J.: 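Next up is a structure, given as structure tokens.
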Amino acid sequence: MSKKRRIVIALGGNALGNTLPEQMAAVKITAKAIVDLIEEGCEVVVAHGNGPQVGMVNNAMIALTHEDAQQPNTPLSVCVAMSQAYIGYDLQNALREELLNRGIEDIPVATMITQVRVDEYDPAFQSPSKPIGRFVDEAQAKIMEENFHYVMKEDSGRGWRRVVASPKPVEIVEIGTIRTMVNSGSLVIACGGGGIPVTRQGNHLKGASAVIDKDFASCLLAKELDADYLIILTAVEKVALNFGKPDEKWLEDVSVEEAEQYIKEGHFAPGSMLPKVEAAVEFAGSKPGRTALITLLEKSRDAIQGRTGTMFHK
């Protein structure tokens with residue numbers, strides 16, 4: 001019997017929806033695509049973003065402080081943990097149901113609430129840039145700055161939003177447990193939202209006011225699990241040069257060296273395609289035989305078979 005290909009899938013926001021009802025519908029479609037890969041003979045580990053969800057949890061916690069003056073503000077790291085748990089709950093139920101619908105009864109599904117250590121001296125903490133939560137007017141923004149010490153920034157005329165640091169992941173704290181679960185045959189959901197950001201203070205792990213990019217966290221997870229593939233799912237079927245321009249060119253098969261040159265030339269938008277390409281290049285270049293793919297969720301099975309998507313290799 002041939003060894004199963006180990007795949008880490010990084011789900012984007014479009015795979016999860018923006019509200020609770022949207023999420024419950026979206027994860028059913030997502031589960032079908034993931035179980036398709038399992039039927040292809042792949043061993044799958046799932047990571048995901050939490051952009052809309054962590055903002056929703058954060059807003060709910062702020063609303064609670066308005067209702068009860070004795071209620072302290074909830075740290076962002078706790079909001080990330082909450083979003084991990086409820087996204088994991090919906091995902092694991094949808095995956096379990098899809099597996100059983102196809103007669104696959106020997107693959108347990110579990111969510112690991114995952115802490116990811118970041119460097120407290122990461123320069124990202126000096127220049128918060130990741131927007132979370134809802135838009136507010138300038139007066140509300142000033143109140144939030146004064147009451148909660150938030151960093152608020154005006155966003156393209158649409159209002160003010162909280163921005164937080166987005167440091168690089170250094171260590172997945174629960175990686176030993178995740179590895180044991182994956183090696184035992186479980187379908188594991190881990191590093192949700194990029195992981196709960198923590199810094200080390202002696203033996204204590206302290207929550208950080210940050211959101212870790214899920215693509216970089218997924219890359220680290222894939223390397224730590226010695227995966228064969230990292231699949232980063234996004235809103236386009238392939239990565240493009242000169243995206244949206246008359247000379248747009250879709251990429252299919254890209255070497256690490258070529259991709260690094262495209263990054264230097266500024267082809268990919270920061271905060272959008274750039275971190276996905278950077279994570280793909282980092283994984284593909286980390287060890288011979290490792291491949292990264294960027295594609296649409298519904299095209300992931302075709303991408304593994306080499307029929308679509310953008311493939312990165314050494």
Side-chain angles (χ1 to χ4, degrees), residues 10 47-65 68-89 110-133 143-153 161-181 188-225 271 275 279 282:
H48 60 80
N50 70 342
Q53 294 85 358
V54 74
M56 185 170 64
V57 172
N58 187 59
N59 290 342
M61 295 299 100
I62 290 173
L64 183 60
T65 67
D68 181 359
Q70 303 303 310
Q71 180 69 36
N73 191 38
T74 304
L76 183 57
S77 55
V78 176
C79 295
V80 174
M82 290 178 177
S83 70
Q84 271 194 11
Y86 92 74
I87 294 170
Y89 161 62
T111 300
M112 170 59 68
I113 303 303
T114 315
Q115 300 174 96
V116 174
R117 186 172 66 84
V118 297
D119 182 353
E120 63 181 308
Y121 300 110
D122 189 304
F125 284 110
Q126 304 306 314
S127 54
S129 60
K130 186 87 169 178
I132 65 163
I143 291 170
M144 293 167 83
E145 285 177 333
E146 291 168 5
N147 290 358
F148 305 129
H149 307 292
Y150 286 175
V151 177
M152 306 293 293
K153 286 188 179 178
R161 287 181 86 187
R162 182 186 180 189
V163 291
V164 298
S166 185
K168 290 289 182 66
V170 174
E171 175 192 4
I172 298 169
V173 177
E174 287 79 17
I175 190 62
T177 305
I178 295 167
R179 189 180 290 117
T180 299
M181 292 167 70
V188 181
I189 302 157
C191 293
I196 303 163
V198 295
T199 58
R200 180 176 289 133
Q201 298 183 348
N203 289 333
H204 176 63
L205 294 173
K206 178 179 172 57
S209 185
V211 173
I212 302 167
D213 188 286
K214 69 101 174 44
D215 298 313
F216 291 123
S218 301
C219 173
L220 180 58
L221 179 64
K223 289 194 292 185
E224 289 287 345
L225 292 175
E282 182 179 335

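Everything quoted here is computed from the prediction, not taken from an experiment.
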J.: Supply the atom-to-atom distance Asp215 CG to Glu282 CD, rounded to the nearest 0.5 angstrom.
T.: 11.0 Å
J.: First locate atom CD1 of Ile178, then atom CG of Leu225, and finally report the distance between them rounded to the nearest 0.5 Å.
T.: 7.0 Å
J.: Whether the side chain of Arg117 engages the backbone of Leu205 through a donor-acceptor N/O pair (distance < 3.5 Å, no angle test) should be reported.
T.: no
J.: What distance do Ile113 atom CD1 and Thr177 atom OG1 have between them, rounded to the nearest 0.5 Å?
T.: 12.5 Å
J.: Just by distance, do the side chain of Gln115 and the backbone of Glu174 share a donor-acceptor pair under 3.5 Å?
T.: no
J.: Looking only at atom types and distance, does a side-chain atom of Asp122 sit under 3.5 Å from a main-chain N or O of Lys168, one as donor and one as acceptor?
T.: yes
J.: If you round to the nearest 0.5 Å, how far is CE of Met56 from CE of Met61?
T.: 10.5 Å
J.: Can you measure from CE (Met82) to CD (Gln53) and round to the nearest 0.5 angstrom?
T.: 14.5 Å
J.: Any chance you could measure Met112, atom CE, to Met181, atom CE, to the nearest 0.5 Å?
T.: 5.0 Å
J.: When you check the gap from the basic side-chain N to the acidic O, do Glu171 and Arg200 get nearer than 4.0 Å?
T.: yes
J.: Could you tell me whether the side chain of Val116 reaches within less than 4.5 Å of the side chain of Phe216, counting heavy atoms only?
T.: no
J.: How about Lys153: does its NZ atom have over 12 heavy atoms from other parts shown lying under 6.0 Å from it?
T.: yes
